Amino acid sequence: RISLDAFRAQGRGGKGIIGTDLKEEDLAGHVFVASTHDYIMLFTDLGLVYWLRVFQIPEMSRTSRGRALVNMLPLREGERITGLIPVRDFEGDDFLLMATAGGTVKKTTLDAFGKRGSGGIVAINLAEGDRLVGVHRTGGEDDVVLVTARGKAIRFGERQVRATGRGAAGVRGIRLARGDRVVDMALVREGAALLSVCENGYGKRTRFEEYRAQRRGGQGIINIRTTRRNGPVVAAREVGEDDEVILMSEGGKVVRLSASDISLMGRSTRGVRLVRLEEGDKVTALARVLPQGEPPAAP
(Lines give C-alpha, C1' and ligand atoms only; values in the text may rest on other atoms or scores of the structure.)
Protein backbone atom coordinates (compact mmCIF):
# COMPACT_ATOMS: atom_id res chain seq x y z
CA ARG A 1 0.00 0.00 0.00
CA ILE A 2 1.32 3.43 -1.02
CA SER A 3 0.18 6.92 -0.01
CA LEU A 4 -1.57 8.78 -2.85
CA ASP A 5 0.70 11.75 -2.14
CA ALA A 6 3.55 9.74 -3.67
CA PHE A 7 2.05 10.26 -7.15
CA ARG A 8 1.82 13.77 -8.58
CA ALA A 9 -0.62 14.53 -11.41
CA GLN A 10 1.07 14.73 -14.82
CA GLY A 11 0.05 15.75 -18.32
CA ARG A 12 -1.12 13.00 -20.67
CA GLY A 13 1.57 11.46 -22.88
CA GLY A 14 4.22 11.63 -20.15
CA LYS A 15 6.63 8.81 -19.35
CA GLY A 16 5.34 8.30 -15.80
CA ILE A 17 7.31 7.39 -12.69
CA ILE A 18 8.18 4.10 -11.08
CA GLY A 19 5.18 2.86 -9.08
CA THR A 20 6.70 -0.32 -7.69
CA ASP A 21 9.84 -2.40 -7.99
CA LEU A 22 9.04 -5.71 -9.64
CA LYS A 23 10.74 -9.06 -9.54
CA GLU A 24 11.68 -10.68 -12.83
CA GLU A 25 8.61 -12.11 -14.67
CA ASP A 26 6.24 -10.30 -12.29
CA LEU A 27 3.73 -7.68 -13.42
CA ALA A 28 1.47 -5.07 -11.86
CA GLY A 29 -2.17 -5.98 -12.41
CA HIS A 30 -4.37 -3.77 -10.17
CA VAL A 31 -4.46 -0.28 -8.69
CA PHE A 32 -7.24 0.85 -6.32
CA VAL A 33 -7.93 3.42 -3.62
CA ALA A 34 -9.06 2.64 -0.04
CA SER A 35 -9.09 3.87 3.56
CA THR A 36 -7.07 2.13 6.28
CA HIS A 37 -10.36 1.42 8.11
CA ASP A 38 -11.86 -0.55 5.21
CA TYR A 39 -12.04 -4.23 4.53
CA ILE A 40 -10.66 -5.31 1.18
CA MET A 41 -12.67 -8.02 -0.54
CA LEU A 42 -10.32 -9.84 -2.90
CA PHE A 43 -12.05 -11.73 -5.70
CA THR A 44 -10.11 -14.26 -7.73
CA ASP A 45 -10.34 -15.61 -11.27
CA LEU A 46 -11.60 -18.87 -9.78
CA GLY A 47 -14.73 -17.11 -8.47
CA LEU A 48 -13.68 -17.08 -4.79
CA VAL A 49 -13.51 -14.13 -2.40
CA TYR A 50 -11.09 -13.45 0.47
CA TRP A 51 -10.90 -10.62 3.03
CA LEU A 52 -8.13 -8.38 4.42
CA ARG A 53 -8.19 -5.23 6.53
CA VAL A 54 -6.33 -2.41 4.79
CA PHE A 55 -4.12 -1.76 7.82
CA GLN A 56 -2.95 -5.39 7.58
CA ILE A 57 -1.26 -4.56 4.28
CA PRO A 58 2.20 -3.04 4.88
CA GLU A 59 2.62 0.59 3.78
CA MET A 60 5.80 1.03 1.74
CA SER A 61 7.51 3.49 -0.59
CA ARG A 62 6.87 3.70 -4.34
CA THR A 63 9.99 1.71 -5.14
CA SER A 64 9.38 -1.13 -2.66
CA ARG A 65 8.42 -4.56 -3.98
CA GLY A 66 5.71 -5.16 -1.41
CA ARG A 67 4.72 -8.33 0.36
CA ALA A 68 3.49 -11.43 -1.49
CA LEU A 69 -0.25 -12.06 -1.16
CA VAL A 70 0.44 -15.75 -0.64
CA ASN A 71 1.88 -14.73 2.72
CA MET A 72 -1.42 -13.07 3.67
CA LEU A 73 -4.07 -15.24 1.95
CA PRO A 74 -4.45 -19.02 1.54
CA LEU A 75 -4.52 -18.81 -2.27
CA ARG A 76 -4.65 -21.99 -4.33
CA GLU A 77 -1.89 -22.78 -6.80
CA GLY A 78 -2.29 -20.60 -9.89
CA GLU A 79 -5.15 -18.56 -8.39
CA ARG A 80 -5.05 -14.86 -9.36
CA ILE A 81 -6.72 -11.77 -7.87
CA THR A 82 -9.01 -10.15 -10.46
CA GLY A 83 -11.24 -7.83 -8.42
CA LEU A 84 -10.85 -5.77 -5.28
CA ILE A 85 -13.62 -3.93 -3.39
CA PRO A 86 -13.04 -1.68 -0.34
CA VAL A 87 -15.93 -2.01 2.13
CA ARG A 88 -16.52 -0.13 5.39
CA ASP A 89 -19.26 -2.52 6.58
CA PHE A 90 -21.63 -5.10 5.10
CA GLU A 91 -24.96 -3.56 6.08
CA GLY A 92 -27.50 -1.85 3.82
CA ASP A 93 -29.16 -2.67 0.53
CA ASP A 94 -26.17 -2.61 -1.83
CA PHE A 95 -25.21 -5.37 -4.24
CA LEU A 96 -22.05 -6.79 -5.78
CA LEU A 97 -22.30 -7.11 -9.57
CA MET A 98 -19.78 -9.50 -11.14
CA ALA A 99 -18.71 -10.04 -14.75
CA THR A 100 -16.75 -12.88 -16.33
CA ALA A 101 -14.49 -13.03 -19.38
CA GLY A 102 -17.09 -15.21 -21.09
CA GLY A 103 -19.75 -12.49 -20.87
CA THR A 104 -21.69 -13.73 -17.81
CA VAL A 105 -22.97 -11.33 -15.13
CA LYS A 106 -24.21 -12.05 -11.63
CA LYS A 107 -25.67 -9.92 -8.83
CA THR A 108 -25.57 -10.81 -5.12
CA THR A 109 -26.49 -8.74 -2.05
CA LEU A 110 -23.50 -7.31 -0.19
CA ASP A 111 -24.71 -8.67 3.14
CA ALA A 112 -24.32 -12.20 1.75
CA PHE A 113 -20.57 -11.67 2.15
CA GLY A 114 -20.69 -10.39 5.73
CA LYS A 115 -19.75 -13.75 7.22
CA ARG A 116 -16.07 -13.83 6.41
CA GLY A 117 -14.23 -17.12 6.12
CA SER A 118 -10.50 -17.46 6.68
CA GLY A 119 -10.04 -19.71 3.66
CA GLY A 120 -12.15 -17.84 1.13
CA ILE A 121 -15.70 -18.63 -0.03
CA VAL A 122 -17.45 -19.04 -3.39
CA ALA A 123 -18.63 -15.74 -4.92
CA ILE A 124 -19.76 -17.07 -8.33
CA ASN A 125 -20.06 -20.52 -9.86
CA LEU A 126 -18.01 -20.36 -13.07
CA ALA A 127 -18.46 -22.39 -16.25
CA GLU A 128 -15.48 -24.51 -17.29
CA GLY A 129 -12.78 -22.31 -18.86
CA ASP A 130 -14.39 -19.03 -17.72
CA ARG A 131 -12.91 -16.62 -15.19
CA LEU A 132 -14.05 -13.66 -13.10
CA VAL A 133 -12.74 -10.35 -14.52
CA GLY A 134 -14.56 -7.61 -12.60
CA VAL A 135 -16.71 -6.75 -9.58
CA HIS A 136 -18.60 -3.53 -8.75
CA ARG A 137 -20.59 -2.40 -5.75
CA THR A 138 -24.01 -1.13 -6.92
CA GLY A 139 -27.21 0.31 -5.51
CA GLY A 140 -29.62 -1.96 -7.39
CA GLU A 141 -30.77 0.62 -9.94
CA ASP A 142 -27.52 1.32 -11.82
CA ASP A 143 -26.75 0.96 -15.51
CA VAL A 144 -23.55 -0.94 -16.32
CA VAL A 145 -21.33 -1.18 -19.38
CA LEU A 146 -19.40 -4.34 -20.25
CA VAL A 147 -16.29 -3.67 -22.35
CA THR A 148 -14.49 -6.23 -24.51
CA ALA A 149 -10.90 -6.57 -25.68
CA ARG A 150 -11.87 -6.05 -29.33
CA GLY A 151 -13.53 -2.73 -28.67
CA LYS A 152 -17.20 -3.65 -28.21
CA ALA A 153 -19.46 -2.54 -25.34
CA ILE A 154 -22.99 -3.13 -24.12
CA ARG A 155 -24.98 -0.97 -21.69
CA PHE A 156 -27.92 -2.38 -19.73
CA GLY A 157 -29.74 -1.82 -16.44
CA GLU A 158 -28.74 -4.05 -13.54
CA ARG A 159 -32.46 -4.49 -12.86
CA GLN A 160 -32.30 -7.04 -15.70
CA VAL A 161 -30.05 -9.19 -13.50
CA ARG A 162 -31.96 -10.93 -10.71
CA ALA A 163 -30.12 -11.13 -7.38
CA THR A 164 -28.99 -14.67 -6.59
CA GLY A 165 -26.98 -16.40 -3.88
CA ARG A 166 -23.22 -16.70 -3.70
CA GLY A 167 -23.12 -20.13 -5.31
CA ALA A 168 -25.18 -19.23 -8.39
CA ALA A 169 -23.72 -19.09 -11.90
CA GLY A 170 -25.19 -15.86 -13.27
CA VAL A 171 -26.76 -14.97 -16.64
CA ARG A 172 -25.55 -13.79 -20.06
CA GLY A 173 -24.50 -10.15 -20.13
CA ILE A 174 -23.07 -9.91 -23.66
CA ARG A 175 -22.87 -12.27 -26.62
CA LEU A 176 -19.21 -12.35 -27.67
CA ALA A 177 -17.71 -12.75 -31.12
CA ARG A 178 -15.28 -15.65 -31.57
CA GLY A 179 -11.96 -14.85 -29.92
CA ASP A 180 -13.27 -11.83 -27.98
CA ARG A 181 -13.59 -11.56 -24.20
CA VAL A 182 -14.89 -9.15 -21.56
CA VAL A 183 -12.03 -7.20 -19.95
CA ASP A 184 -13.86 -4.75 -17.67
CA MET A 185 -17.15 -3.36 -16.40
CA ALA A 186 -18.04 0.29 -15.66
CA LEU A 187 -20.96 1.92 -13.85
CA VAL A 188 -22.88 4.72 -15.60
CA ARG A 189 -22.70 7.96 -13.57
CA GLU A 190 -24.55 11.17 -14.40
CA GLY A 191 -22.18 13.68 -15.99
CA ALA A 192 -19.42 11.07 -16.32
CA ALA A 193 -17.83 9.46 -19.34
CA LEU A 194 -16.41 6.04 -20.13
CA LEU A 195 -12.62 6.01 -20.17
CA SER A 196 -11.28 3.15 -22.30
CA VAL A 197 -7.57 2.30 -22.17
CA CYS A 198 -5.69 0.13 -24.65
CA GLU A 199 -2.63 -2.02 -24.12
CA ASN A 200 -0.19 0.26 -25.98
CA GLY A 201 -0.97 3.33 -23.85
CA TYR A 202 -3.76 4.87 -25.93
CA GLY A 203 -7.27 5.71 -24.79
CA LYS A 204 -10.15 8.18 -24.79
CA ARG A 205 -13.24 9.33 -22.95
CA THR A 206 -16.70 8.88 -24.50
CA ARG A 207 -19.91 10.26 -22.99
CA PHE A 208 -22.28 7.60 -21.71
CA GLU A 209 -25.07 9.16 -23.76
CA GLU A 210 -23.44 7.62 -26.85
CA TYR A 211 -24.12 4.13 -25.46
CA ARG A 212 -27.82 3.39 -25.87
CA ALA A 213 -29.36 1.13 -23.26
CA GLN A 214 -29.99 -2.39 -24.56
CA ARG A 215 -31.31 -5.68 -23.31
CA ARG A 216 -28.56 -7.71 -21.70
CA GLY A 217 -27.27 -10.59 -23.79
CA GLY A 218 -26.90 -8.66 -27.04
CA GLN A 219 -23.75 -8.25 -29.15
CA GLY A 220 -23.17 -4.65 -28.08
CA ILE A 221 -21.88 -1.72 -30.16
CA ILE A 222 -18.49 -0.26 -31.09
CA ASN A 223 -16.69 1.33 -28.16
CA ILE A 224 -13.20 2.08 -29.57
CA ARG A 225 -11.34 1.19 -32.73
CA THR A 226 -8.69 -1.34 -31.76
CA THR A 227 -5.75 -1.31 -34.17
CA ARG A 228 -2.12 -2.41 -34.16
CA ARG A 229 -1.24 1.08 -32.88
CA ASN A 230 -3.67 0.86 -29.94
CA GLY A 231 -3.59 -2.82 -29.13
CA PRO A 232 -6.57 -4.49 -27.43
CA VAL A 233 -8.61 -2.80 -24.70
CA VAL A 234 -7.30 -3.72 -21.25
CA ALA A 235 -9.44 -1.60 -18.90
CA ALA A 236 -12.35 0.84 -18.73
CA ARG A 237 -13.67 3.08 -15.98
CA GLU A 238 -16.34 5.74 -15.43
CA VAL A 239 -14.73 9.16 -14.84
CA GLY A 240 -15.96 12.71 -14.21
CA GLU A 241 -14.34 15.99 -15.23
CA ASP A 242 -12.88 16.48 -11.75
CA ASP A 243 -11.56 12.93 -11.38
CA GLU A 244 -7.99 11.77 -11.63
CA VAL A 245 -6.89 8.33 -12.79
CA ILE A 246 -3.83 6.17 -12.32
CA LEU A 247 -2.46 3.96 -15.09
CA MET A 248 0.04 1.21 -14.34
CA SER A 249 2.12 -0.76 -16.80
CA GLU A 250 3.36 -4.33 -16.84
CA GLY A 251 6.84 -3.03 -16.09
CA GLY A 252 5.64 -1.22 -12.95
CA LYS A 253 5.49 2.32 -14.36
CA VAL A 254 2.73 4.59 -13.01
CA VAL A 255 1.25 7.79 -14.42
CA ARG A 256 -1.45 9.86 -12.70
CA LEU A 257 -3.66 11.96 -15.00
CA SER A 258 -6.51 14.42 -14.69
CA ALA A 259 -9.51 12.97 -16.52
CA SER A 260 -10.21 16.39 -18.04
CA ASP A 261 -6.84 16.18 -19.86
CA ILE A 262 -8.00 13.07 -21.75
CA SER A 263 -9.81 13.85 -25.00
CA LEU A 264 -13.59 13.38 -25.25
CA MET A 265 -14.18 11.49 -28.49
CA GLY A 266 -16.89 9.48 -30.22
CA ARG A 267 -17.30 5.71 -29.96
CA SER A 268 -15.84 4.90 -33.38
CA THR A 269 -12.49 6.68 -32.86
CA ARG A 270 -9.08 5.28 -31.89
CA GLY A 271 -8.18 7.60 -29.03
CA VAL A 272 -4.97 9.46 -28.13
CA ARG A 273 -1.72 8.58 -26.40
CA LEU A 274 -2.13 8.61 -22.61
CA VAL A 275 1.30 7.32 -21.57
CA ARG A 276 4.53 6.81 -23.49
CA LEU A 277 5.74 3.27 -22.82
CA GLU A 278 9.13 1.70 -23.16
CA GLU A 279 9.47 -0.86 -25.94
CA GLY A 280 7.79 -4.12 -24.93
CA ASP A 281 5.90 -2.58 -22.00
CA LYS A 282 2.08 -2.72 -21.80
CA VAL A 283 -0.64 -1.02 -19.77
CA THR A 284 -2.25 -3.48 -17.36
CA ALA A 285 -4.30 -1.48 -14.84
CA LEU A 286 -6.47 1.60 -14.49
CA ALA A 287 -7.88 3.14 -11.29
CA ARG A 288 -10.01 6.20 -10.59
CA VAL A 289 -8.69 8.38 -7.76
CA LEU A 290 -11.60 9.23 -5.46
CA PRO A 291 -12.40 12.97 -5.25
CA GLN A 292 -11.95 14.67 -1.87
CA GLY A 293 -14.90 13.85 0.39
CA GLU A 294 -16.21 10.86 -1.56
CA PRO A 295 -16.79 7.78 0.65
CA PRO A 296 -13.84 5.37 0.33
CA ALA A 297 -16.21 2.41 0.16
CA ALA A 298 -17.45 3.51 -3.28
CA PRO A 299 -15.23 1.60 -5.77
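Just so we're clear, the structure is a prediction, and the values are computed from it rather than from any experiment.
Within a 6.0 Å sphere centred on CG of D93, other residues, nucleotides and ligands contribute 12 heavy atoms or fewer. Applying the 6.0 Å contact sphere to CZ of R166 captures more than 12 heavy atoms from other residues, nucleotides or ligands. Atom CZ of R175 has 12 or fewer neighbouring heavy atoms from other residues, nucleotides or ligands inside a 6.0 Å radius. The number of heavy atoms from other shown groups lying within 6.0 Å of CD (Q219) does not exceed 12.
A salt bridge is absent between E250 and K282: the closest approach of a Lys/Arg side-chain nitrogen to an acidic carboxylate oxygen does not fall below 4.0 angstrom. Taking 4.0 Å as the cut-off between side-chain N and carboxylate O, D243 and R205 do not count as a salt-bridged pair.
Here the CZ-CZ distance, from R229 to R270, works out to 4.0 Å after rounding to the nearest 0.5 Å. Rounded to the nearest 0.5 Å, atoms CD1 (I221) and CZ (R155) are 9.5 Å apart. Atoms CD and CZ, on E278 and R276 in that order, are 10.5 Å from each other to the nearest 0.5 Å.
Under the 3.5 Å distance criterion, the side-chain polar atoms of T44 are matched with a main-chain donor or acceptor of L46. Put simply, the side chain of R80 never gets that close to the backbone of D45: no donor and acceptor are under 3.5 Å apart. Distance alone, capped at 3.5 Å, places no donor-acceptor pair between the K253 side chain and the V283 backbone.
In this view, R207 satisfies the salt bridge (charged side-chain N to carboxylate O under 4.0 Å, His left out) rule with no residue, not counting sequence neighbours. Here Q160 pairs with F156, R215, R216 under the side chain to side chain contact (heavy atoms under 4.5 Å, CB included) rule; sequence neighbours left out.
Across all their heavy atoms, E141 and R159 have their closest contact at OE1-CD, 3.0 Å. Residue T206 comes nearest to G266 through the heavy atom pair OG1-O, 3.8 Å, listed as atom of the first residue, atom of the second, then distance.
T269 and K204 share a donor-acceptor pair across their side chains, judged by distance under 3.5 Å alone.
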